[in-house]
Amino acid sequence: MNVSLNWLSSYIDLEGLGTQEMADMLTFAGIEVEGIQERGVTTDLVVVAQVMEKTPVEGSDHLNVCMVDAGEGALRQIVCGAQNYKVGDKVPCALPGAVLPGGWEIKDGKLRGVESRGMLCSASELGLPDKEHGLWILPQEYAVGTPVRSFVPTDTIFELEITPNRPDLLSHWGMARELAGITGRTLKQDPAEQPTAAIQTRPAGDYITLSAPEICPFYTATRISGVKIGPSPAWLADRLVSIGLRPINNVVDITNYCLFELGHPLHAFDAARLTGGLNIRRAAEGENFTSLMNEQYSLTPEDIVISDASGAALALGGVMGGLDSGVTEATTDIVLESAWFLRSNIRFTSRRLALGSDSSYRFERGTSPWNVLRAAARAVELILECAGGTAEPVLVGGQAPCLVPEENATNATVLEQGTEGKIYYALDQVQLDWKELDVMTNASVPHLEAARILRQLGLREIDGKGTWDCPPWRLDLKRSCDLLEEVVRVYGIDNIPATNTSIYVEESAYDRASDYRMALSRKLAGAGFWEAQTFKLIAAESIDPTIASVEHALPIKPLMEGDIIRVSLPISEDHSTLRPSLAPGLISVAARNMNQGLEVLRFFECGRVFRNTGGGKGKDIENEVLGIFMAGKLNPASWADTKPGEAHFEHLRAVLDILVPKAEISLVPAKMARETAAVGADIQINNQACGYMARIALSTCRTLGLPMESYYAELDLRKLQQVATAPFKAADLPQFPGSGRDASLDVPAGTRNADIVKAIQAAKQKLLVSYQLKDVFCDPSGEKLAADRKAMTYTFLYRDAKKTLTAPEVDAAHKQVLDTLAARVKELKFR
Amino acid sequence: MKERIASVQAEALERIAGIADMKALEDARVGILGKKGSLTQVQQGMRDVPKEEKPAVGALLNEARAAITAALDNRRNELQKQLDAAAVAGVDFTMPGAALPTGGLHPISIVRDEAVRILRRMGFTLSDGPEIEDEWHCFDALNTPDDHPARNEKDTFYFDSGKLLRTQTSTVQARTMEKQAPPVRIICPGSAFRRDAIDATHLSAFNQIEGLYVDKNVSVGDLKGTLEYMLKALFGSDTAVRFRPHFFPFTEPSFEIDVLLQAAGQAPRWIEIAGCGMVNPAVFEAIDRETGKQLYSGCTGFAFGIGLERLAMIRWGIRDIRLLIENDVRFLAQFQ
């Protein structure tokens with residue numbers, strides 16, 4: 001909301017406050033200052049000047065050189081690019097040394113080589129709303145040399161962001177009242193008080209029918225006859241312009257003015273367009289409404305409409321007037337609406353129709369029923385003053401909703417408004433617990449001071465026992481904590497001493513998980529992997545082939561239709577699906593970086609993945625996983641290594657070993673190919689399924705522009721953590737030397753490492769402490785080894801913990817292992 | 001005999017002096033002092049030396065052997081020196097290194113870890129909750145009325161199941177208090193989601209760190225002291241911090257916290273960094289109603305939330321939030 005300092009100053013004494021002090025004061029009242037605009041000029045160096053001569057500048061199609069009389073005796077030469085003035089016009093002239101809004105200092109200079117000693121100004125250059133395009137043509141009655149500031153008052157406009165709990169601040173009077181409450185500065189006359197006391201009211205009788213009292217329980221209408229529609233007086237139009245509104249005509253301007261003065265929205269109907277009385281009802285399903293902006297809307301029963309005996313929807317209650325019922329130049333009689341609507345309905349309507357207005361903005365945040373008659377009375381006063389006519393008494397339909405619970409109502413202070421058909425408004429009462437204040441502030445706020453703050457904000461203690469009447473404009477004060485907030489806010493948190501208590505808190509499982517995750521991340525970073533953080537909302541499978549490839553590679557439990565979780569109303573298909581794997585994100589990170597020329601593509605991410613356990617009908621589960629992507633060169637090329645090797649399966653496999661070095665990791669290839677070109681395997685750590693590893697389908701790689709082998713592994717972080725952080729005891733170093741033996745196995749090419757390992761384990765040789773695959777040899781030419789065979793050389797280490805083994809003992813143990821191998825591995829020969 | 005010794009010694013010393021490599025030196029040692037070496041052969045002539053001359057000839061022989069051995073050692077040392085010098089002669093220490101693969105942590109991880117470490121030092125422990133939430137934990141428990149704008153399909157991602165993606169990590173406040181009796185002193189770093197279009201300052205999925213302390217007699221002073229401590233630890237001990245009154249449904253009073261940012265060459269300015277406040281009693285009541293236990297009546301507490309992207313952007317002067325999700329290594333490499 002824009003607030004004009006001049007307007008505000010008519011309600012509160014702000015003498016001696018600078019702009020920055022004002023901004024600080026608002027900030028610490030909890031009102032965010034989003035912008036400050038200085039209007040007009042404070043310098044005497046901007047004066048009225050008359051254009052005496054005007055000749056085009058040679059070689060320019062728009063510049064003129066003017067001789068102007070700025071009241072200095074001699075004429076002044078100024079080059080000007082505007083087009084809207086003629087010789088004899090009076091315009092503002094900024095003399096050298098003048099500083100215009102925005103800190104722009106005017107100096108003597110040259111334009112196109114022509115000397116220019118000053119600047120002729122537009123309104124916007126003086127920080128004022130532009131009235132026409134080009135120079136600001138001033139009335140002839142101003143004498144040349146008169147400082148412009150003598151007839152253009154300066155103003156400061158604050159753009160304020162009001163939090164949704166404080167709708168009472170959405171007006172100049174409301175803001176002035178708040179500032180007075182906070183600072184103790186003097187509040188001037190309430191502009192609505194006198195007119196409200198003077199206004200006549202009558203029960204509306206048949207004239208107002210409240211067909212939906214649950215959403216509009218209270219409606220007033222005031223007929224004013226014989227008004228003369230015309231432009232608003234300058235003071236009123238200026239105020240509206242200053243906060244960015246466009247004046248329309250006196251009656252409409254006054255309804256807007258009252259909204260920004262008192263905070264309550266009003267609407268004026270042309271009485272000639274109304275048939276009989278008013279009916280405030282829910283809209284029919286599909287009912288049409290044409291707004292005063294000539295837009296068509298289809299309504300629902302959640303919307304509230306103002307209609308008349310004709311049944312037509314004349315206005316969308318609380319949101320916007322209709323096309324045909326508003327005030328025009330031809331209007332002579334008006335009916336002025338001031339009413340109270342339930343905020344949730346206004347919000348619903350305004351959001352559903354994407355139709356907002358200054359009125360709906362206030363109604364949906366909450367308006368005080370107490371303000372209904374005040375706004376009407378103030379508007380009537382101004383209309384009679386500015387547009388003439390005769391006002392009938394205000395017709396009152398229904399009653400201001402009582403805002404206190406019924407059980408308190410007997411003790412409640414009840415405000416009365418009007419003469420006949422009176423309006424009653426019960427004040428909210430809040431019980432303040434001083435002990436709570438002491439706890440909250442460590443007893444640093446004296447109770448007397450707290451009570452003074454509350455009184456200054458308009459509350460009244462009624463019984464000496466902590467029961468306070470809340471002022472009728474404060475809809476947000478309902479409970480003790482609301483009052484404590486006010487005390488702390490005004491007393492200032494700066495004045496409450498900071499304390500720092502800490503209690504013993506046991507380390508949680510989440511603490512350990514976080515520690516493990518960081519340790520793991522650092523380990524991977526040290527191993528040359530970049531941590532990525534990819535977006536949790538990914539593209540739908542239909543438009544992103546990476547998801548399809550992941551689906552095929554997911555081996556632990558293949559995804560069923562519906563397992564992937566989609567949001568109901570995505571912003572775009574690019575971000576519509578909760579990732580079931582980190583693979584799509586990491587793959588696109590790799591592709592992106594490859595396009596930037598990166599040759600070593602190593603990325604990892606720790607984060608959540610999501611899936612439904614039963615095709616959309618089961619539970620939604622969220623798992624913390626580690627995703628690792630690897631492709632491209634093993635290290636960047638350099639003079640020392642001009643042709644670095646390519647990353648293959650075994651390099652990612654090696655990374656798994658450094659993650660859990662003491663665990664037994666085995667990859668169990670998927671039984672069925674899950675996609676023709678992809679290879680996938682389950683990762684088992686200590687015989688527990690823990691994730692999967694895949695070579696990404698070549699077709700997918702090509703689509704994504706990754707023309708190299710690309711590998712991906714995804715591991716369950718919790719299971720990894722369990723294995724990696726399991727407690728252990730350090731073993732003693734071996735006391736006796738071990739002995740090594742090699743064996744070169746000649747096996748069919750299809751024999752897998754796992755088959756050999758299984759056979760070695762089956763030997764259960766107690767003296768065998770470790771074994772390792774040292775070399776694999778194939779010869780496709782068949783010269784050194786048949787083409788359908790391969791040689792796998794393993795090295796075995798034997799040791800006894802209690803003695804040094806003799807050669808025959810080692811040989812015997814080795815023979816037992818080799819015999820088991822020969823018995824269990826098909827077509828095995830020793831070389 | 002004496003002449004032979006003298007001539008063998010002279011010959012040997014001359015030979016040693018002319019040797020240019022280790023192999024020749026070793027050959028010379030064998031050729032002179034070895035079993036069939038020239039000096040060894042002379043030594044065999046001792047048998048024929050008259051008894052009375054033996055001591056003198058023996059002494060001569062020993063001298064010769066010592067001199068030759070010393071010469072060999074000297075020559076070896078000289079040669080080794082030359083070899084050592086030659087070994088580093090071509091080395092250019094100004095050459096660039098070979099290239100190892102580099103890696104590093106994401107800036108969000110770095111700020112999250114830093115904030116977590118500071119808060120754990122202050123006695124907070126981590127907690128967590130699901131990102132796919134229900135309306136109760138996201139809104140009802142947090143005193144957010146039915147007609148609040150956040151509870152709208154336009155602002156929040158809903159699922160057909162009626163669940164939603166949590167709009168703030170404050171859901172973990174409710175999740176933790178349901179499970180645990182006071183005192184509660186937790187933090188929760190995690191993702192939150194809002195239905196915002198992605199631009200230079202907005203992401204529809206972003207990271208926050210949530211904090212909650214509930215006990216008997218927790219005060220505004222505790223809130224202030226805790227957050228001042230944390231922000232000074234994050235931004236430096238001379239960081240100015242201010243609390244601006246604000247509004248959140250789940251806290252009352254509520255504040256936004258600004259830190260005074262002093263960038264070189266710029267006027268200092270206040271930057272919003274976090275939201276906080278005293279837990280609204282309505283939140284405690286909602287938890288107690290839901291659990292059917294009166295664990296939280298009579299408690300007070302404070303809560304706070306910090307945006308991690310914002311923290312990173314302020315810390316490193318990052319202008320476009322999208323850099324944080326693009327994972328371009330040219331960006332990531334700056335945070336090693």
Side-chain angles (χ1 to χ4, degrees), chain A residues 27-30 163-165 344 347 351 439-442 481-482 485 488-489 493 496-503 505 507-508 510-511 514 518 521 524-525 527-537 565 567-569 571 575 589 592-593 596 598 600 602 608 620 622 635-636 638 640-641, chain B residues 96 98-106 108-109 113 116 120 122-128 130-132 147 152-153 157-160 163 183 185 191 195 197 204-205 215 217 219-222 224-226 228-229 243-247 252-253 255 278 280-281 300 325-330 332:
Chain A
T27 302
F28 285 98
T163 52
N165 60 326
S344 47
R347 169 169 298 147
R351 292 191 73 91
V439 167
M440 185 179 274
T441 64
N442 288 329
C481 62
D482 302 326
E485 170 179 42
V488 171
R489 181 171 70 97
I493 194 172
I496 298 174
T499 47
N500 210 335
T501 49
S502 181
I503 55 171
V505 181
E507 187 179 63
S508 71
Y510 302 113
D511 286 320
S514 167
M518 283 313 296
S521 298
L524 281 161
F529 287 79
W530 293 105
E531 186 192 17
Q533 295 212 352
T534 65
F535 220 54
K536 285 181 177 166
L537 286 165
I565 305 168
V567 299
S568 302
L569 198 63
I571 296 182
H575 302 294
V589 166
R592 177 195 179 88
N593 280 288
Q596 293 298 338
L598 199 70
V600 180
R602 296 184 175 194
R608 278 187 204 190
D620 294 331
E622 303 178 17
N635 52 262
S638 70
D641 181 5
Chain B
L100 286 174
T102 43
L105 299 184
H106 191 276
I108 293 293
S109 283
D113 182 53
V116 164
R120 282 175 67 185
M122 300 171 73
F124 285 85
T125 184
L126 280 162
S127 189
D128 208 351
E131 290 171 22
I132 300 175
D147 61 356
N152 186 288
E153 284 234 313
F157 290 111
Y158 279 88
F159 299 102
D160 292 343
K163 288 195 166 189
R185 197 168 163 94
S191 292
R195 222 176 148 277
S204 49
D215 203 345
N217 304 333
S219 71
V220 170
D222 295 336
K224 202 174 138 183
T226 304
E228 281 176 354
Y229 181 120
F243 291 75
R244 261 186 301 112
H246 198 68
F247 171 73
E252 186 164 26
F255 301 92
M278 301 302 291
N280 194 310
T300 57
I325 56 166
E326 284 168 353
N327 299 293
D328 191 310
V329 167
R330 291 169 301 170
L332 297 179

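Only this structure's heavy atoms are used, side chains among them; waters, hydrogens and symmetry mates stay out. Chain letters run A, B, ... following the sequence lines, proteins first, then strands; residues in each count from 1.
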Which of the residues B/R195, B/K163, B/M122, B/H246 is involved in the greatest number of heavy-atom pairs with chain A at under 4.5 angstrom? B/R195

Can you tell which of B/L105, B/L100, B/V116, B/D160 has the highest number of heavy-atom pairs within less than 4.5 Å of chain A? B/L105

Applying a strict 4.5 Å limit to non-hydrogen atoms, the region of B/T300 in contact with chain A is side chain

With a 4.5 Å cut-off on side-chain heavy atoms, are A/E507 and B/R120 touching? yes

Do any N or O atoms from the side chain of B/D222 and from the backbone of B/S219 form a donor-acceptor pair under 3.5 angstrom? yes

Say you draw a straight line from CG of A/D620 to CD1 of A/I565; how long is it, rounded to the nearest 0.5 Å? 4.0 Å

Please look at A/E622 and chain B and tell me whether the side chain, the backbone, both or neither of the residue comes under 4.5 angstrom of a heavy atom of that chain. side chain

Heavy-atom closest pair (A/P636 atom, B/P101 atom, distance to 0.1 Å) is CD-N, 3.8 Å

Name the region of A/P497, side chain, backbone, both or neither, that has any atom closer than 4.5 Å to a heavy atom of chain B. backbone

Report the option among B/D215, B/N280, B/N217 that has the most heavy-atom pairs separated by less than 4.5 Å from atoms of chain A. B/N217

B/F159 and A/V567, any side-chain heavy atoms less than 4.5 Å apart: yes

Side chain, backbone, both or neither of B/E228 within contact of chain A (heavy atoms, under 4.5 Å): side chain

Interchain contact, A/F535 with chain B, by part (heavy-atom threshold 4.5 Å): side chain

One should read off an interatomic distance between B/T226 OG1 and A/N500 CG, to the nearest 0.5 angstrom, of 4.5 Å

B/H106 backbone acceptor or donor facing A/W530 side chain under 3.5 Å: no

Minimum side-chain heavy-atom gap A/R489-B/P253 below 4.5 Å: no

Taking B/T102, B/L332, B/I108 one by one, which has the highest count of heavy-atom pairs under 4.5 Å against chain A? B/T102

Counting heavy-atom pairs under 4.5 angstrom with chain B, the leader among A/N635, A/I571, A/T27, A/T441 is A/I571

Go through A/H575, A/Q596, A/Q533 and name the one with the most non-hydrogen pairs under 4.5 angstrom from chain B. A/Q533

B/N327 (side chain) donor-acceptor with B/I325 (main chain) under 3.5 angstrom: yes

Contacting region of B/F243 [heavy-atom separation from chain A under 4.5 Å]: both

Do A/K536 side-chain atoms and B/A205 backbone N/O form a donor-acceptor pair below 3.5 Å? no

In terms of heavy-atom proximity below 4.5 Å to chain B, should A/I503 be classed as side chain, backbone, both, or neither? both

A/R608 vs B/S191 side-chain heavy atoms within contact, under 4.5 Å: no

Which atoms of A/N593 come close to chain B, meaning under 4.5 Å heavy atom to heavy atom: side chain ones, backbone ones, both, or neither? side chain

Heavy-atom distance under 4.5 Å to chain B: side chain of A/M440, backbone, both or neither? both

Comparing A/L537, A/T534, A/D482, A/V589 against chain B, the one with the most heavy-atom pairs below 4.5 Å turns out to be A/D482

Out of A/N165, A/V600, A/D641, A/L598, which one racks up the most heavy-atom pairs below 4.5 Å with chain B? A/N165

Between B/E131, B/R330, B/E326, which residue shows the highest count of heavy-atom pairs closer than 4.5 Å to chain A? B/E131

Between chain A and each of B/S127, B/P183, B/G123, count heavy-atom pairs under 4.5 Å; write down the option with the most. B/S127

Compare all side-chain heavy atoms of A/E531 with those of A/L524 and state whether any distance is below 4.5 angstrom. no

